[in-house]
Amino acid sequence: MRAVTAAVLLASTLVAPLAAQPRVPAALVPDRTQPIDEAATAKIKEYTTAPEFNSALTDYLPASATVPSPSAVLGDVAGAPNVLPYAADVHRYFRMLAAATPRVQVVSIGTSEEGRERIAVAISSEENLKNRAANDARLAQLADPRTLGLDDARAEPLFASTVPVYYITGTIHSPETGSPTALMELAYRLAVDESPYVRDIRDHVITLITPVVEVDGRERMVDIYRWHRAHPDSPTPELVYWGKYVAHDNNRDAMALTLSLSRQVLDTYLGWHAQVLHDLHESVPFLYDNTVGDGPYNAWVDPILTNEWQLFGWTNVAEMTKMGMPGVYTHGYFDTWSPGYLMFMAAMHNGVSRLYETFGNGGADTLVRELDADESSRTWYRQDPPYPQVKWSQRNNNNYQQTGLLVSLAFTAQNRELLLRNFWQKGKRSVEKPRREGPAAYVLPGDPKRPGAQAELLRVLQAQHVEITRADSPFTVEVPNAAEGKGGGKADGKEEKTEDKKPATRTFPAGSYVVRMDQPYSRIADALLDRQYWSPDDPQKRPYDDTGWSFGDTFGTEVVRITDARVLAAKAEPVEGPVSTRGGVTGSGAVHLVAPRGDDEMMSLRYALGDATVEAATARFSAGRRTYLPGTWIVRDADGDAMKRAAESLGVTVEAVAAAPKVATRPVGKPRLALLHTWQWTQSEGWWRQRLDLMKLPYDYISTQDVAATPDLRARYDAILFPPVGIPTSLTVNGAPTSWGEPLPWKKTPETPNLTIDETDDMRPGLGLAGLQNLRTFVEKGGTLIAAEDAAQLLVERGLAPGVRVADSGSVKVVGSILQARFPDAASPIADGLGDALAVYSAEGMSFELSNAAFRGWSRPGSDRPTGRGGPKDEDSVVGRPAPPKRAEAPKVERWEAAPLSVEQTRDNPFVIPEALRPKTLLRFGDADELLLAGLLEHGGELAQRAAVVRVPLGQGQVVLFAINPIWRGETIGTHPLVWNALLAGEALGGKPAETAPAAAKAGR
Ligand SMILES: [Zn+2]
């Protein structure tokens, strides 16, 4: 009896899952009896370079008497050779479509950095769109299982009655040009085709499309393509700017959400409560569904999702292979670790992330393409590989994109209940996180050392639609041992020994922020706030992107991971509206005191204060109602109202006192600033430029060509920022060859109205020898030149940084990791507001070595004792004589320091650098046992303690070199002040004697 009961129970529990088994799209057969647009069908055939590069789903175009096809705007079918529409024209078509049929709606989702509109287009049955509000209300309940008390029974009726939303995004990457026309035609098909399988899609799916994600970059790319058509015999100018700020990295912004495109796509995706976000790319032949990718998978995604990746991916491969289309595969190179990709917004918000790479020609030319062996070889996941050589057209690309999407939409229509069940389950498991796998919450303490950075981090979480609460009163919870703690403990350098594993309790003050994990979007908060570990032994040896990003570390703000569920009982209120720090002026008097706080706001405040005299105390002092740390600003002659306005708008606390405190000071400058870019590549520079703009700092945007043409840069600027370039240093200097070929302009003309941001008649020339000389003169005449990564390497190679070399990285392996760093001199102005340590972003483990000579003089690792008598610690002796007098014990030299020169090295040596001009390390990498905070680090001992930021005096000025990238993807808020502090300190960065007569000090230089 018992056994029977068990069997019955087992059978009944199996029924539900079986009913939800995925069904492959059946009957993907078009209805050829419906009216067909014969002319368009003939064109499609003509523009497809071989029959197998199209499918039965897209080798014809249905006709409509009332609904315009894409040719109404394009003048030809989608994917026609030589036709590439601007985003404005793409949008115009979608609005024509919406005007012609109730099956299509267009909404505006916002504007770009340059003011261009982005849209979302919904396509479904008339009934579905009419009832959209009610459907969305159901989707909203499934999206937030708390609304149904996490009760499966209450959710059950919704699975059958709700229409899922499948969101497709096109051309985020501007040189990947095919998706807008593919999506125009797809939308037309979905609106008018009466084939049963299309009706099934229309009736059971809301297809949502943003045809052009990077609208600014699209217009520029079309300009470039038009230029190419008009100058067929010349190479085409490189698309050096895509969006206003970044190029390819716009698809790495899904964590910090600094770009309008990221925020608008996320808001649209979540606003529509969509189940899938499918982003279209073009690089890999012929259709690589990289959704499945390869390991390691992101450690915070739900395994339910990784199963969905497989379902979609292999269905795509199977169905398209059956249709006879070669070169369709999934799996392959892509590790799915970083959540920075646009599509990953879905993975981190309980949906399904998807991405296609199809084969594009970077424009609308039909070309013979040659594939590398690794693209065209047969392997276990690519049994029907792309051809090694192929004549390829934009239409081919559009065929593959549309066919893949139609297969996916049909799969969604047929498996809508499964997808909605999974959507509900993933949301429910997100809410149940505290009791399933934990943690219960993250706490950001209410007394942050760097309030601006903390507020910035909280605003990022809010932009991610994460709910934040703020504690009304102090609360006490168990906290992990310090080794598991984060940020602040380390920054203080006072944390307990890692051997001490005993949990402790900690009381957090009122005003602490609590990010609860019992909310639908706990997953993204957890992924951003936790640390990452990529094992050096992982079978994946080529990480696709950064391996670490832990935002508590990179924002330089303490984030405590709490597993103690009592944290959820803390009395806390939801935070409404964007988190901000409250600032203002307290006290009264003509002198204002501003405590250092290590955030962007200090820099903005300095410029907001205009010509006021600002000095920084070089020692601790007491004034007004408190004790102030070194680095505190003492501001005289500030306009009281201006100070009040600035303090309030920037959220900075300022105290006014009657008289200046008696303390030694140094000037705080307000340098005239330039940001330097090349004409070869602007991506990394773009992240710096974006930050300057967000902070509303005044600066000139200059190119290497401007530098080459300006002998007296010093007359214009006090400081020049030279961010990483991302190309070989020789290319930065030499540019592209100019001894043959035609000039390649980047210029706003009637032919290319969108080529803006900067202009040149010829992109080819680089910095050149004149530019190098002008930079040298600029520094020698008192300028500050700040350079990072390869730009720093360039200055080293070209002799602008005597006594510095880029260390041989040996076997160190770092791939976009977060590493611990320390200030050798925490009293240096570079450390103002930062404590004695901070987390830094290292792309590849670059570091510097120092010497006190401009040639040789590098320190050598101490040698072991020579072979001889005794044990390893014993002294050797020579037979037949007493030991010679011992050499004086050499002073200990740290790895970030230059070794003292020996007597032999200093004798008669013109390369010895005078004491005052020797390079000095401002920031060094942490010790070997603390170095890795997040990501991948192998053989870290070789990088440990090496110099990360150095200052090199040159003439009257200085060069500041960064081996790390302090301003990266909006994620490294914590290291921004390294740049700001260097700029504000000016020559005081070198620790020159402090001004003792404050009244004599002049602000600015
Ligand atoms: Zn791409």
Side-chain angles (χ1 to χ4, degrees), residues 84 87 90 112 118 167-183 209-222 224-225 238-243 245-255 259 261-262 265 277-294 313 316 327-330 332-347 353-364 369 371-372 374-375 386 392 394 396-398 400-402 404-405 542-546 681-684 686 726 816 969:
L84 202 63
V90 176
S112 70
R118 283 191 190 92
Y167 187 16
I168 305 165
T169 48
T171 196
I172 183 175
H173 282 164
S174 304
E176 302 166 15
T177 50
S179 48
T181 48
L183 293 171
I209 294 173
T210 291
V212 182
V213 171
E214 178 54 275
V215 281
D216 298 335
R218 174 68 178 189
E219 306 311 57
R220 281 192 258 282
M221 181 63 202
V222 175
I224 289 279
Y225 184 68
E238 172 86 25
L239 189 69
V240 71
Y241 296 99
W242 300 12
Y245 294 113
V246 290
H248 192 270
D249 258 13
N250 60 8
N251 195 34
R252 300 294 185 276
D253 189 50
M255 288 191 267
L259 301 172
L261 67 84
S262 308
V265 168
L277 177 56
H278 189 156
D279 196 28
L280 300 180
H281 290 254
E282 293 155 44
S283 65
V284 181
F286 290 137
L287 188 151
Y288 168 38
D289 180 333
N290 97 337
T291 308
V292 176
D294 194 359
N316 256 147
V328 178
Y329 65 103
T330 189
Y333 176 50
F334 179 66
D335 58 52
T336 316
W337 174 250
S338 161
Y341 315 103
L342 186 83
M343 60 145 176
F344 229 72
M345 291 172 175
S353 55
R354 301 199 68 212
L355 192 150
Y356 282 170
E357 297 281 5
T358 56
F359 201 36
N361 288 345
R369 301 289 302 273
L371 275 56
D372 292 340
D374 67 340
E375 292 177 311
W392 196 254
Q394 180 176 231
N396 293 6
N397 184 28
N398 280 192
Y400 271 80
Q401 291 172 312
Q402 286 189 71
L405 289 167
R542 288 189 301 156
Y544 199 85
D545 205 75
D546 288 347
W681 192 230
T682 63
Q683 167 126 309
S684 298
R969 293 181 175 173

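When a ligand or atom number is given, it counts from 1 through the structure's own listing order. Here the structure is a predicted model, which means the values were calculated and not measured.
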Next item on the list: Apply side-chain contact (heavy atoms from CB on, under 4.5 Å) to Thr291 and list each qualifying residue two or more places apart in sequence or on a separate chain.
Entry: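 Expected list: Asp289, Trp309, Arg354.
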Check: Taking atom types as modelled, is there a side-chain donor on Thr210 or Tyr167 under 3.5 Å from an acceptor on the other?
Finding: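 Side chains of Thr210 and Tyr167: pair found under 3.5 Å.
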Next item on the list: Consider only side-chain N and O atoms of Asn316 and Tyr356, and report whether a donor and an acceptor are under 3.5 Å apart.
Entry: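 Yes, because at least one side-chain N or O of Asn316 sits under 3.5 Å from a partner of the opposite role on Tyr356.
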Next item on the list: Indicate the ring-plane relationship of Tyr329 and Tyr288, choosing parallel, tilted or perpendicular according to the 30° and 60° boundaries.
Entry: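 Judged by the thresholds at 30° and 60°, the geometry between Tyr329 and Tyr288 is parallel.
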Next item on the list: Using the six-membered ring wherever Trp is involved, compare the ring planes of Phe286 and Trp392 and label them parallel, tilted or perpendicular (cut-offs 30° and 60°).
Entry: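 Correct class here is parallel.
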Note to self: Using a strict threshold of under 4.0 Å (side-chain N to carboxylate O), is an ion pair present between Arg252 and Asp546?
What the structure shows: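 Looking at Asp546 and Arg252, the cut-off is not met.
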Checklist line | Sphere of radius 2.8 Å around the Zn ion (ligand 1) - protein N, O or S atoms inside | finding: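 Near the Zn ion (ligand 1), the protein supplies His173 ND1, Glu176 OE1, Glu176 OE2, His281 ND1.
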